[in-house]
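Everything below concerns the one structure shown next.
All values derive from a computational prediction rather than experimental measurement.
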Amino acid sequence: MTDKSFLHRRQWLKGSAALGTVALMGLPAAARAQAADPWARAKQIADVFAKPLPFPKRDFVITAHGGKPCKVHQVAGYPTIRARGQVTTPVPGSHDSHPALRAAIAAAHKAGGGRVLVPAGDWYLKGPIVLLSNVHVHLAKGAHVYFSASPADYARDYPEAQTVDCGASGRLVLSRWQGNDCFNFAPLVYARGQNNIAITGEDWTSILDGQAGVPYEDGSGPGWWSMNQKGAETGALHQGVDNPANPPLAAMAPHLDAAALARIQGDRPNGRADEKYLPALSEAGVPVDKRIFGLGHYLRPCLVEFIDCEDVLMQGYQAVNAPFWIHHPVKCRNVHFSKVKMESIGPNSDGFDPESCDTVLVDGCWFNTGDDCIAIKAGKNADTGYGPTRNVVIQNSVMNSGHGGITLGSEMSAGIEHVYAQNIDVRNIHYATDPINTVVRLKTNMNRGGYLRHFYIRNLTLPNGVRLKPGFYKPIPGGPVPAGTVPTGGGAVITFDCDYTPSFDLVRSRPPEVSDVHISGIRVANVNTPEGAFGCYQAFVVLGPVAHSYNGPADRPVLPVRNVTIADCDFGNAVRADAPWFIHNARDVTLRNVTIGGKRYNEKLSG
């Protein structure tokens with residue numbers, strides 16, 4: 001099986017990249033002058049979403065197709081990955097409303113579009129919600145959708161999801177897992193190749209519940225989160241240990257000689273673990289239709305994933321307990337993510353990860369996540385055919401727990417450009433027990449390569465600072481930056497990490513390029529500790545590409561981070577008052593009216 005639309009979509013992406021230039025050049029001279037202001041471009045992106053998507057005004061209620069509410073009870077499980085406790089789940093033998101929901105979506109699509117309504121109540125679904133063109137699925141006030149805690153329900157035949165028979169692994173869908181394409185479990189909400197689609201809620205009592213901390217319904221394990229190292233039982237298989245279901249890489253890539261195979265996989269431990277094996281398949285040039293995961297494997301699905309869709313709305317609901325990333329649009333255009341609340345303290349529970357998308361607006365959302373609140377991505381290893389991510393606006397949102405607040409990368413091999421973030425309240429209300437690690441975070445390495453450019457941020461407030469305990473950089477031994485000295489994993493308000501987890505990737509032959517980043521209006525308040533009042537460990541870290549980590553051809557330049565401005569910011573008190581910032585392989589980092597520990601800085605830095 002091959003994705004025959006792939007080449008056509010690459011051409012579509014190239015065309016969409018040209019749209020912004022054509023539109024700009026067609027403006028009158030006065031308007032072009034205004035557009036020279038980067039925030040004028042941000043407004044232009046946001047204005048794309050001023051007009052609502054056009055759905056016919058007719059409802060398809062799931063109860064008319066056989067849907068029935070279920071009863072719920074509590075069982076022992078994991079409310080968060082960090083603690084056991086009681087979790088709410090449908091009682092055994094609950095009515096499965098999944099066939100009713102599928103029938104309502106099919107009827108709405110056949111009629112030319114409409115709204116599929118999930119009324120108030122608790123609803124049990126033994127399978128994914130698969131959206132089709134011109135269909136709007138709406139959760140009423142008080143509607144709580146529980147997706148079954150059974151991986152087999154996401155490896156069955158759903159023709160509307162374009163499933164493929166993958167033998168013992170089940171019937172799987174085309175997906176992307178941490179930047180690499182594969183066939184895997186269906187995401188719990190999914191669409192591929194659809195236009196004009198929406199999933200919405202009336203308010204935050206309208207809930208999509210991934211039940212990732214609920215034990216598997218057949219009693220075979222603790223639940224989705226146990227596929228990750230953090231939730232796995234002692235001795236159990238998980239994504240980070242060798243999986244005997246994965247053939248040796250040589251069998252999958254017979255075209256490669258021993259030297260090439262060793263370069264990709266080497267003899268490191270757990271080279272056939274799912275999380276390492278998939279990127280190795282990409283690096284080895286194994287076709288996507290041979291990258292089979294699903295049953296017998298440990299790559300968890302996203303809660304919501306849309307691939308190759310246009311005119312997409314996600315709005316007004318609450319998403320909880322996601323198996324993996326919470327929202328993941330891939331190769332989509334015109335994506336509106338509005339007034340969504342996320343509560344998922346699980347492994348890899350990123351809130352919103354647009355990947356290889358063009359024209360995205362995030363507005364009025366609430367993030368309480370187990371990983372990055374927002375992480376903008378664009379492929380990994382050789383999987384760059386979907387193109388870059390560009391034209392993203394993030395605004396008017398609240399961020400609490402998370403590894404990073406606004407993150408670019410780390411999977412960004414096809415490039416990221418023209419990203420704008422403004423008016424963000426980084427409340428960090430769990431600062432005493434589960435603090436946000438860093439707020440503005442750029443991460444890449446010598447494997448992911450690509451580019452990060454034209455990134456603009458203004459007006460961020462941090463009333464409770466960031467994590468004060470540093471998460472130190474772990475370099476390839478022998479490099480110029482010693483281990484245990486640079487807090488790239490947590491502790492700085494702004495982090496450029498261009499050597500992110502370098503030892504995870506054996507092939508490190510794609511130096512990244514990072515430039516044109518402009519940050520202003522960050523306000524950090526201190527929190528009281530026994531050692532004093534602090535807002536951060538260090539104000540900012542700019543760790544440019546580390547040439548020592550590179551192992552590719554000698555003719556590839558390793559460029560510094562360049563053209564960065566940090567202006568009109570107050571970072572509060574830094575724990576490292578003696579070294580309030582760190583710079584490596586960067587030039588033209590300009591500080592303008594920057595205050596750290598009460599001292600004002602106006603200078604240009606290089607290192």
Side-chain angles (χ1 to χ4, degrees), residues 76-85 87 147-155 166 168-170 172 175-180 182-188 210-249 252 265-282 291-303 305 321-326 328 344-350 353 369-372 380 403 410-411 474 501 503-506:
Y78 286 87
T80 76
I81 190 60
R82 301 184 182 97
R84 288 187 62 83
V87 291
F147 292 97
S148 72
S150 176
D153 288 333
Y154 306 93
C166 296
S169 296
L172 307 178
S175 183
R176 178 170 272 197
W177 200 88
Q178 286 195 336
N180 292 126
C182 64
F183 282 87
N184 199 19
F185 298 109
L188 281 55
Q211 295 210 97
V214 173
Y216 291 139
E217 293 174 8
D218 63 2
S220 62
W224 284 114
W225 287 342
S226 69
M227 290 188 176
N228 180 270
Q229 299 92 317
K230 293 179 180 179
E233 294 181 324
T234 302
L237 287 175
H238 56 73
Q239 69 187 55
V241 297
D242 278 333
N243 186 345
N246 292 326
L249 186 60
M252 297 296 292
Q265 199 169 39
D267 59 357
R268 62 178 174 171
N270 298 312
R272 286 161 66 185
D274 288 337
E275 68 178 8
K276 294 178 181 176
Y277 190 71
L278 174 57
L281 293 177
S282 172
R291 304 180 199 172
I292 306 300
F293 291 87
L295 296 172
H297 296 268
Y298 300 90
L299 301 184
R300 294 155 288 145
C302 296
L303 182 69
E305 183 176 75
N321 305 321
F324 186 59
W325 294 348
I326 306 176
H328 185 212
S344 184
I345 308 299
N348 310 107
S349 280
D350 293 12
D353 291 18
T369 59
D371 209 312
D372 294 326
K380 184 173 179 245
H403 292 180
S410 65
E411 302 86 4
K474 297 178 181 178
T501 61
S503 62
F504 185 87
D505 301 298
L506 295 186

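Side-chain atoms of Tyr216 come within 3.5 Å of backbone N or O of Gly223 as a donor-acceptor pair. The closest donor-acceptor contact from the side chain of Ser344 to the backbone of Ala322 lies under 3.5 Å. Between the Asn321 side chain and the Gly213 main chain, no donor and acceptor come within less than 3.5 Å of each other. Between the side chain of Tyr277 and the backbone N or O of Pro247, at least one donor-acceptor pair lies under 3.5 Å. Looking at Gln265, its side chain does come within 3.5 Å of a backbone N or O of Gly271 through a donor-acceptor pair. A donor-acceptor pair is defined here as one N or O able to donate and one able to accept, closer than 3.5 Å; such a pair exists between the side chain of Asp242 and the backbone of Arg272. Proximity of a side-chain donor or acceptor of Asn180 to a complementary backbone N or O of Lys380 within less than 3.5 Å is detected.
Legend: residues meeting ring pair (Phe, Tyr, Trp, His ring centres under 6.0 Å) with Trp225, ordered by chain and number and at least two apart, are absent. Residues meeting the ring pair (Phe, Tyr, Trp, His ring centres under 6.0 Å) test with His297, sequence neighbours left out: Phe293. With sequence neighbours excluded, the residues that form a salt bridge (charged side-chain N to carboxylate O under 4.0 Å, His left out) with Arg82 are Asp434.
Closest of all the heavy-atom pairs between Gly210 and Leu188 is CA-CD2, 3.7 Å. Contact detail for Asp218 and Ser220: the closest heavy-atom pair is OD1-OG, 2.6 Å. Taking both residues in full, the closest heavy atoms of Arg291 and Leu278 are given as CD-CD1, 3.9 Å, listed atom of the first, atom of the second, then distance. Closest approach of Asn184 and Ser175 over heavy atoms only: CB-CB, 4.3 Å. Annotation for Pro244 and Leu237: closest pair CD-CD1, 4.2 Å, computed over non-hydrogen atoms. For the residue pair Ala155 and Leu295, the shortest heavy atom distance occurs at CB-CG, 3.9 Å.
The CD1 atom of Ile81 sits 11.0 Å away from the CD1 atom of Ile345 when rounded to the nearest 0.5 Å. Atom CG of residue Asn348 and atom CZ of residue Phe324 lie 5.0 Å apart, to the nearest 0.5 angstrom. A distance of 11.0 Å separates OG1 in Thr80 from NZ in Lys230, rounded to the nearest 0.5 Å. Rounded to the nearest 0.5 Å, atoms NE2 (His328) and CH2 (Trp177) are 11.5 Å apart. Interatomic distance, Arg176 CZ to Asp353 CG, rounded to the nearest 0.5 Å: 12.0 Å. One finds the CG atom of Asn243 at 11.0 Å from the NE2 atom of His238 (value rounded to the nearest 0.5 Å).
Counting heavy atoms from C-beta on, the side chains of Phe504 and Glu275 come closer than 4.5 Å. Side-chain contact between Ser148 and Glu217: present, with at least one pair of heavy atoms (C-beta onward) separated by less than 4.5 Å.
Both the sub-6.0 Å distance and the 45° axial angle are not jointly satisfied by Arg300 relative to the ring of Tyr154.
No hydrogens or angles considered: nothing links the side chains of Gln239 and Gln178 as a donor-acceptor pair under 3.5 Å. A donor atom on one side chain and an acceptor atom on the other are found under 3.5 Å apart for His403 and Asp371.
Taking the centre of each ring, Trp224 and Phe185 come in below the 6.0 Å mark.
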